[in-house]
Amino acid sequence: MRILFLGDVLGRSGREAVAARLPGLRSDLRIDLAVVNAENASHGFGLAPEMARALFAAGADVITLGNHAWDRKEIIPYIAETPRLLRPLNFPPGTPGNGSVLVTLPDGRKALVLQAMGRLYMDPLDCPFRGTSELLSRYRLGASVQAIVADCHAEASSEKMAYAHGFDGQMSFVVGTHTHCPTADAQILPGGTAFQSDAGMCGDYDSVIGMAKDGATLRFWRKMPGEKLGPAEGEATVCGVYVETDDVSGLARRIEPLRLGGRLAQAMPSV
């Protein structure tokens, strides 16, 4: 299975770049499953239903959120009726939406996509490790599902790495989101799970993690409230990760970073 994961879509420039690039990427890389994190798509904070619809129309099979899941209140009724829009699975019981979805591909293969949110320097949610373990107990990689993909939305690289190692061999691919900076540690772990600590963002990198640098920088200089934050709107880099898995075992055979457009060094997987 060929899987493409695109990191946090930030603001208008990120949305437009993903809408422009994703259809071609699906074709050129012969993608079977495309997952996009879009919790920052609306001016850096949250996701509006019409933005989710546009990303689905561009080719996203699943959209994940994160700690900004509820910043746009109109997403609440939309997520309740849209199974392929995920929020972290370790939100408390009764929270709208779901933390995982089973996707059936046109050829009949099945992929489980899930999201868990870390707790270091984040909201004190339920345990992401125990929640993920309980979910995985219902599936068997390489048997009931041909692939399992996890978006680990967390601040600390250590927590993302611990999560990936903790489920090595039980998932096809674990990718980190939230910190908006693509890491250089793409690898296949000893048990066969592909991992990268952070996919990076789809946004303007002439910024402070996607936000206009003047206001964001002044927050550190002045330590005063009220410095206005807004998304940077220059040319975006589309950042993500490409993974190929084995249908028999469900484990990864290949992982490569993807970076297209904008300011960062370019990286495009070959097929």
Side-chain angles (χ1 to χ4, degrees), residues 4-20 22-23 26 33-106 110-119 122-128 131-132 134-135 138-139 145 148-155 175 177-178 180 199 201-203 210-211 229-231 240:
L4 177 65
F5 186 96
L6 297 184
D8 309 53
V9 177
L10 201 146
R12 180 185 298 276
S13 62
R15 298 195 312 267
E16 291 179 349
V18 170
L22 184 52
R26 289 207 68 137
L33 177 70
V35 183
V36 178
N37 182 290
E39 71 141 6
N40 303 120
S42 180
H43 310 288
F45 301 96
L47 175 69
E50 65 271 17
M51 297 172 185
R53 294 186 191 100
L55 290 170
F56 283 128
D61 294 302
V62 178
I63 297 173
T64 57
L65 294 170
N67 58 300
H68 290 292
W70 315 120
D71 286 5
R72 293 290 298 263
K73 303 306 180 188
E74 59 268 43
I75 205 67
I76 296 174
Y78 181 75
I79 198 173
E81 61 188 28
T82 310
R84 294 195 183 197
L85 176 61
L86 303 181
R87 46 75 172 168
L89 59 79
N90 51 320
F91 272 118
T95 302
N98 296 291
S100 66
V101 64
L102 185 64
V103 178
T104 302
L105 304 185
K110 297 181 185 297
L112 177 68
V113 182
L114 64 100
Q115 183 181 50
M117 192 158 84
R119 297 190 292 182
M122 304 283 277
D123 294 335
L125 300 183
D126 296 342
C127 178
T132 299
E134 191 280 326
L135 173 65
R138 302 179 226 157
Y139 299 91
V145 291
I148 299 177
V149 177
D151 172 352
C152 184
H153 195 78
E155 183 75 34
V175 61
T177 58
H178 180 66
H180 294 196
M201 71 171 177
C202 297
M211 307 306 284
L229 286 180

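Side chains included, hydrogens not; waters and symmetry mates left out as well; all remaining heavy atoms used. A quick note: this is a predicted structure, and the numbers were derived from the prediction, not measured.
Ala34 pairs by the side chain to side chain contact (heavy atoms under 4.5 Å, CB included) definition with Leu22, Arg26, Ile31, Asp61, not counting sequence neighbours.
Taking each heavy atom of Asp126 and Pro93 in turn, the nearest pair found is OD2-CD, 3.9 Å. Scanning both residues, Ala199 and Val175, for their nearest heavy atoms gives CB-CG2, 3.7 Å. The shortest heavy-atom contact between Asn67 and Glu39 is N-OE1, 3.0 Å. Heavy-atom minimum distance, Gly203 versus Ser13: CA-OG, 4.4 Å. Smallest separation of non-hydrogen atoms from Gly14 and Val9: C-CG1, 3.5 Å. Among all heavy-atom pairs drawn from Thr82 and Tyr78, the shortest one is OG1-O, 2.7 Å.
Annotation: side chain of Asp8 is in contact with side chain of His153 (closest heavy-atom distance under 4.5 Å). Inter-residue side-chain proximity for Asn37 and His178 is flagged as unmet; no heavy-atom pair is nearer than 4.5 Å. Side-chain contact between Leu33 and Val113 is present, with at least one heavy-atom pair separated by less than 4.5 Å. Arg72 is not listed as a side-chain neighbour of Pro49, based on a closest heavy-atom distance of 4.5 Å or more. The shortest distance between side-chain heavy atoms of Leu85 and Leu47 falls below 4.5 Å. Within the 4.5 Å cutoff, side-chain heavy atoms of Thr177 are placed close to those of Phe5. Contact of the Pro231 side chain with the Asn40 side chain is not registered, since no non-hydrogen atoms from C-beta on lie closer than 4.5 Å.
Here the CD-CD distance, from Glu74 to Glu50, works out to 6.5 Å after rounding to the nearest 0.5 Å. Here the OG1 atom belonging to Thr64 is positioned 4.0 Å from the CG atom belonging to Asp151, to the nearest 0.5 angstrom. One distance of note links CD1 of Ile75 with CH2 of Trp70; it measures 8.5 Å at 0.5 Å rounding. Taking CD1 from Ile63 and CZ from Phe56, the interatomic distance works out to 3.5 Å, rounded to the nearest 0.5 Å. Rounding to the nearest 0.5 Å gives a distance of 13.5 Å between CG of Leu229 and NE2 of His43. Taking CZ of Arg138 as the reference point, atom CG of Leu112 lies at 9.0 Å (rounded to 0.5 Å).
Formation of a donor-acceptor pair under 3.5 Å by the Arg15 side chain with backbone atoms of Ala54 is not found in this model. Judged by distance alone, the side chain of Gln115 and the main-chain N or O of Leu65 form a donor-acceptor pair under 3.5 Å. In this structure a side-chain-to-backbone donor-acceptor pair under 3.5 Å is missing from Asn90 to Ala116. Checking side-chain atoms of Arg87 against main-chain N and O of Gly97 turns up a donor-acceptor pair under 3.5 Å. A donor-acceptor pair under 3.5 Å is absent between the side-chain atoms of Glu155 and the main chain of Gly118, judged by distance alone.
Between His68 and Phe45, the angle of the ring planes goes over 60°, which puts this pair in the perpendicular group of the 30/60° scheme.
With respect to Cys202, the side chain to side chain contact (heavy atoms under 4.5 Å, CB included) criterion is satisfied by exactly one of Leu10, Val36, Leu6: Leu6.
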